[in-house]
There are 2 protein chains.
Amino acid sequence: MSRDDSDKSGKASMAMAPGQCSPLEESRCQSCGHRSLCLPLALGLEDLDQFDTIIRRRPPLRKGELLFRQGSPFTGVYAVRSGSLKQLTAEGGGEEQLTHFYLPSELVGLDGIDEAAYAGSVIALETSTVCEIPFDRLDTLSERMPVLRAQLYRCMSKEMREDLRMIRLLSHKTADQRLATFFISMSDRFRRRGYSPYTFRLSMTRADIGNYLGLAVETVSRVLGRFQQQGLVAAAGREIHILDMDVLIAVGEEKGGR
Amino acid sequence: MSRDDSDKSGKASMAMAPGQCSPLEESRCQSCGHRSLCLPLALGLEDLDQFDTIIRRRPPLRKGELLFRQGSPFTGVYAVRSGSLKQLTAEGGGEEQLTHFYLPSELVGLDGIDEAAYAGSVIALETSTVCEIPFDRLDTLSERMPVLRAQLYRCMSKEMREDLRMIRLLSHKTADQRLATFFISMSDRFRRRGYSPYTFRLSMTRADIGNYLGLAVETVSRVLGRFQQQGLVAAAGREIHILDMDVLIAVGEEKGGR
DNA sequence: CGGAATTTTGAGCCGGATCAAAAGTAGTGG
DNA sequence: CCACTACTTTTGATCCGGCTCAAAATTCCG
């Protein structure tokens, strides 16, 4: 609860200002727990060092703080190091649509390259840290590192593929299928990051989930209630336990949504 | 029905196998009318020649023919040279979702990089020709051509941005807004390609449009009927005339879809 | 001209939105 | 530590946009 806990662990950490702590140690990719999923995943040690020199550490964002605003000039992409964020995109006059949730190791801002401006606003859902990767330097570096370039292509392609999944979900799935798919997807993302796929804490509100899935808050709440009655999941606030993964997967993939 | 028909048109064409006709002239990027929108748009003449050597011409696809199937190994991307195509993606057991329409100069298959397999099946909506661009060679070439690399990034980023637009459309817009947005978008794409933004012929069926927009065919037909009554568009089969662009745009952007 | 695919039109129904309000949670400051 | 306020979540009642089913009208092609 108190910040002192971490400080007690040793004098070394006390000497460091928050957000700049150990720029030579903790903030390096080499020692980052998410390296195996992140952009530089396939780099050799030497290239990794090079890569490290271009990324910039940012002071942590607190809950609700903006990483960047929709339309602001594109300067680079960000890799999530800890915490989670959401992307909101608004259309002329219209309301905001939540288009992405970002977890550690994921790349934020790739959709800004084309028009040299970010396609949506990105906001921290909880205290979060990100690594800033200036795009021009990344591009230059990728010229000499085919592996890095390939990974960048793969990241973009992956996001396109996930967008397609989302389009399918929004176009043809029922509320039940959408929420089931959402839980399965989150579960999977936690699993990949070494956390339990059965028990996790969501950092977003029901309203966020509804906005993301194209459903009203009330519907999210009702469907979740139904899932609990059916023994598929147990939810206490934002704490989620998946009780029957198989059935949940089946619900998410049921034929003929609508 | 008989293949002889095409042969009758003249001796010159008889000397050339279909799909290989004039590989040195018509099929070159330099003489391609879509160069200003296509991948190599910013290349100098020398680089353009280089680029030309890696692209492969394909025999034209006839209406309904498959360019590639979902899940088949990713080998490269395709630039549409003439005609139009649609991408269909299916989920385990579920029905197919139409996720993209492709017009000349657009790049097909970018979403296949990540998993080394194409994310959806792509089918010609009419007789169409495409340029095949093997990805490994494109990647190698992009190493030496920063401009080409930048354009490739931009293409991918653009597709991501368009996917976001689609997600917003599917998540929050009414049937009227969806169809209005669709017409505006098609109009814009025709305009960019040098055709009239007010009068054009759609190559897809109402069912395709419905599938793409997340609507039943009947709804597409009804809304279109309403648009005609209101004097926004005139439609004769697949021939579309936009009569009141401004109002149509306004309908597409109305606040609070649902 | 004839058969198939496409498009339109009509009637009825349902999933999920909306509106309204209660119940629960989390920060905040005294 | 507790009371206060704001936010979040749940629950209930009602309504409507768009889906479904059914069938006619039209267009497309050979």
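Throughout, a chain's letter reflects where its sequence line sits, starting with A, and its residues are numbered from 1.
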Exercise. Between C/dT8 and B/Ser221, is there an OP1 or OP2 to side-chain N/O distance shorter than 4.0 Å?
Worked result: yes
Exercise. What residues form a side chain to side chain contact (heavy atoms under 4.5 Å, CB included) with B/Arg206, not counting sequence neighbours?
Worked result: B/Val217, B/Val220, B/Leu224
Exercise. Do B/Ser84 and B/Glu126 have side-chain N/O donor and acceptor atoms under 3.5 Å apart?
Worked result: yes
Exercise. Partners of A/Thr205 by side chain to side chain contact (heavy atoms under 4.5 Å, CB included), sequence neighbours excluded?
Worked result: A/Ala207, A/Asp208, A/Arg238
Problem set entry | Proximity of A/Phe68 and A/Tyr78 rings by center, below 6.0 Å | yes
Problem set entry | Whole-Å gap separating C1' (C/dT6) and NZ (B/Lys63) | 10 Å
For this session: Assign each of A/Arg222 and A/Gly237 to its nearest nucleotide of DNA chain D by heavy atoms, then name whichever residue's nucleotide is nearer the 5' end.
Result: A/Gly237
Problem set entry | For atom CG of B/Leu224 and atom C1' of D/dG18, their distance in whole Å | 16 Å
For this session: Give one of base, sugar-phosphate or nothing for A/Ala175, where a contact means two heavy atoms less than 4.0 Å apart.
Result: sugar-phosphate
Problem set entry | A/Arg206 side chain, from C-beta outward: closest of C/dG16, D/dT9, C/dT7 | D/dT9
For this session: Examine the side chains of B/Lys173 and B/Thr181 and answer whether a donor and an acceptor come within less than 3.5 Å of each other.
Result: yes
Exercise. Can you tell which of D/dC19, D/dC21, D/dC29 lies closest to the side chain of B/Glu218?
Worked result: D/dC21
Exercise. Which part of the nucleic acid does A/Leu215 contact within heavy-atom distance under 4.0 Å: base, sugar-phosphate only, or nothing?
Worked result: sugar-phosphate
Exercise. What's the CG-C1' distance between B/Leu170 and D/dG18, to the nearest Å?
Worked result: 14 Å
Exercise. What integer distance in Å separates B/Leu213:CG from D/dG17:C1'?
Worked result: 16 Å
Exercise. How close or far is atom C1' of C/dG24 from atom CZ of A/Arg238, stated in whole angstroms?
Worked result: 13 Å
Problem set entry | Atom pair distance, as rounded to whole Å: CD1 in B/Ile209 and P in C/dT6 | 13 Å
For this session: Please find out if less than 6.0 Å separates the ring center of A/Tyr195 from that of A/Phe200.
Result: no
Problem set entry | Atom pair distance, as rounded to whole Å: CE in B/Met204 and C1' in C/dT7 | 16 Å
Exercise. Between the side chains of B/Glu95 and B/Asn211, does any donor sit under 3.5 Å from an acceptor?
Worked result: no
Exercise. Any side-chain N or O of B/Thr174 less than 4.0 Å from the OP1 or OP2 oxygen of D/dG17?
Worked result: no
Problem set entry | Short side-chain N/O contact from B/Lys173 to OP1 or OP2 of D/dG17, under 4.0 Å | no
For this session: Could you work out which one of D/dC19, D/dT8, D/dA22 sits closest to the side chain of A/Thr205?
Result: D/dT8
Seminar exercise, completed: Axis-to-axis angle across the helix from C/dC1-D/dG30 to C/dG30-D/dC1, five pairs each end, nearest 10 degrees, ~ 60°
Exercise. Taking atom C1' of D/dT10 as reference, at what distance in whole Å does atom CZ of A/Arg226 sit?
Worked result: 14 Å
